Number of protein chains: 2
Amino acid sequence: MGIKERRERQKEVLREEILDAARELFAKEGYDSVSMRKVAEKIEYSPTTIYLYFKDKSDLLFSLCEETFEKLLHNFEEITKHSTDPVECLEIGLCNYIRFGLTHPNHYKVAFMSRPEDLSLEDISRFISPDSMGTKAYLHLRDIVAECIKQKKFKELDPELVAQSLWLASHGVVSLLIVKCHFPWVERERLIDHTIKNMLSGLKA
Amino acid sequence: MGIKERRERQKEVLREEILDAARELFAKEGYDSVSMRKVAEKIEYSPTTIYLYFKDKSDLLFSLCEETFEKLLHNFEEITKHSTDPVECLEIGLCNYIRFGLTHPNHYKVAFMSRPEDLSLEDISRFISPDSMGTKAYLHLRDIVAECIKQKKFKELDPELVAQSLWLASHGVVSLLIVKCHFPWVERERLIDHTIKNMLSGLKA
DNA sequence: CCACATACTAAACGCCGTTAATAAAATTGA
DNA sequence: TCAATTTTATTAACGGCGTTTAGTATGTGG
């Protein structure tokens with residue numbers, strides 16, 4: 001039955017074409033610039049065709065985000081391999097997180113800054129689901145924090161609390177720098193570096 | 001010439017009505033729920049009338065932001081009066097900032113989480129202007145940090161750097177808790193308390 | 001050859017921000 | 001007082017949006 005397979009391959013090709021078109025618009029100009037109609041025009045299909053491959057616009061963009069966050073997770077896991085000191089892992093990891101967000105602002109906005117009203121309940125549960133790249137990345141962060149505590153390099157605190165606090169602060173750096181990009185910030189490097197180092201220094205035993 | 005004045009008063013009244021209607025929609029259902037048409041219907045005028053009082057939707061948005069900043073600033077200044085210790089001011093101030101954001105999520109979203117694409121260049125320069133409430137609030141924060149350093153209660157660091165870092169982290173707490181309200185966070189109180197205290201402890205001399 | 005599933009589309013619905021043209025009302029000046 | 005003028009508000013429209021419905025080709029399996 002080679003026919004069915006060819007058909008499925010062709011479907012997959014079109015699905016990728018849609019994603020490619022959307023990714024390009026999205027990376028260049030952000031969420032609002034990705035309109036189903038524009039994507040359709042780019043791939044020379046009618047707008048309704050997209051709905052045969054994605055439930056709706058947020059489904060399409062969710063797929064793009066997962067793609068991106070897979071990269072982030074991979075990046076994070078690489079660091080863990082190349083270092084034995086969990087504190088160092090944490091420092092580099094948080095720094096990378098912030099840099100990653102700042103260099104992929106549109107993806108970051110959709111994943112971490114989009115108003116919950118914009119997402120369907122289904123999308124929300126997908127973001128929170130244990131299989132989502134975001135959740136996996138968080139769990140990885142928590143494990144590293146736990147390791148720091150276990151090795152007595154950090155005070156004896158709840159790893160969940162510490163990991164969440166670190167995430168919140170790092171998110172603040174990314175998101176506010178993205179949104180208020182016209183504010184007269186001091187140099188980014190100092191801002192990122194000081195924020196992370198200051199938080200970690202407070203945690204050290 | 002009392003006539004001119006009465007006219008201006010009447011204009012001001014309608015302007016306030018528009019702001020009230022917009023604010024209510026904002027507070028109840030968020031940014032997307034504020035459409036020029038809905039606001040118009042609420043005040044029983046035609047949609048185009050709004051354009052006689054505000055340049056466009058982002059101008060309307062800006063006005064609501066200023067309002068919010070003003071409340072924050074006022075709140076912050078009150079704290080300063082009731083305490084002599086700048087470190088305590090800072091701790092209470094940051095805590096209030098976070099609480100303010102969490103109890104007025106839609107206001108906070110409009111002021112600090114709205115996409116810059118939504119704002120015109122004019123609005124952006126208005127935000128940065130030294131007269132804007134946001135700038136004033138930030139300068140107030142920076143002054144308190146400077147005072148902590150001056151009194152040798154903090155390490156000798158750039159007050160600008162420290163103030164911005166504290167703002168970024170606090171913003172992270174507010175904004176991520178708002179957006180990811182379905183994430184399994186530990187209790188809010190612990191999260192807020194630990195984040196602030198940890199940052200401040202790292203700064204102490 | 002026909003019934004059927006698949007892939008796709010045209011047209012429409014009901015929103016949206018915004019603009020142009022115009023009407024209505026208030027104010028002014030003669 | 002009454003016409004001219006300015007101010008205020010409206011109607012209708014433009015071009016966009018996400019999405020749904022109903023329908024058309026096209027190629028497959030019996």
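Just so it is clear: chains get the letters A, B, ... in the order the sequence lines come, proteins before strands, and each one is counted from 1. Computed from a predicted model, the values in this text were never measured in an experiment.
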(message) Counting C-beta onward and ignoring hydrogens, is there a side-chain heavy-atom pair between Asp20(A) and Glu16(A) closer than 4.5 Å?
(response) yes
(message) In whole Å, I'd like the distance from the CG atom of Asp56(A) to the C1' atom of dT19(D).
(response) 9 Å
(request) Starting from P on dG16(D), measure out to OH on Tyr31(A) and report it in whole angstrom. (result) 19 Å
(message) Is any side-chain heavy atom of Leu19(B) closer than 4.5 Å to one of Ser63(B)?
(response) yes
Please tabulate, one pair per line, each protein N/O and nucleotide N/O from nucleotides 4-7 of chain C that are separated by under 3.5 Å, including the distance.
| residue | atom | partner | partner atom | Å |
| --- | --- | --- | --- | --- |
| dT6(C) | O3' | Arg7(A) | NH1 | 3.0 |

(request) Report the nucleotide, chosen from dG17(C), dT10(D), dC17(D), that has the shortest atom-to-atom distance to any side-chain atom of Thr48(B). (result) dT10(D)
(message) Nearest heavy atom decides the nucleotide; on that basis, is Gln10(B) or Ser33(B) closer to the 5' end of DNA chain C?
(response) Ser33(B)
(message) What is the distance, to the nearest angstrom, from the CE atom on Met36(B) to the C1' atom on dA9(D)?
(response) 15 Å
(request) When you get a sec, tell me which of dG17(C), dT11(D), dC17(D) is the closest nucleotide to the side chain of Ser35(A)? (result) dC17(D)
(request) Calculate the interatomic distance between Glu44(B) atom CD and dT10(D) atom C1'; express it in whole Å. (result) 15 Å
(request) In whole angstrom, give the distance that lies between atom CD1 of Ile18(B) and atom C1' of dT8(D). (result) 12 Å
(message) Tell me whether the side-chain N or O atoms of Arg37(A) pair up with the base of dG16(D) as donor and acceptor below 3.5 Å, since no angle test is needed here.
(response) no
(message) Less than 6.0 angstrom separating the ring centers of Phe69(B) and Phe112(B), yes or no?
(response) yes
(request) Indicate yes or no: at least one non-hydrogen side-chain atom of Leu191(A) is less than 4.5 angstrom from one of Val173(A). (result) no
(request) Figure out the NZ/P separation between Lys38(A) and dG15(D), and round it to whole Å. (result) 16 Å
(request) Indicate yes or no: does Arg9(B) engage Glu12(B) in a salt bridge with an N to O separation below 4.0 Å. (result) no
(request) Scan Val39(A) against the nucleic acid and name what it touches under 4.0 Å (heavy atoms): base, sugar-phosphate only, or nothing. (result) nothing
(request) Look at the side-chain N and O atoms of Thr49(A) and state whether any lies under 4.0 Å from the OP1 or OP2 oxygen of dT9(C). (result) yes
(request) Would you kindly give the CD1-to-P distance between Ile50(A) and dT9(C), to the nearest whole Å? (result) 10 Å
(message) Looking at Gly202(A), is its backbone amide N or carbonyl O close enough to the side chain of Lys155(A) to form a donor-acceptor pair, meaning the two atoms are under 3.5 Å apart?
(response) yes
(message) I'd like to know if the side chain of Lys57(B) and the backbone of Val34(B) have a donor-acceptor N/O pair within less than 3.5 Å.
(response) yes
(message) In whole Å, I'd like the distance from the CG atom of Leu60(A) to the C1' atom of dT19(D).
(response) 14 Å
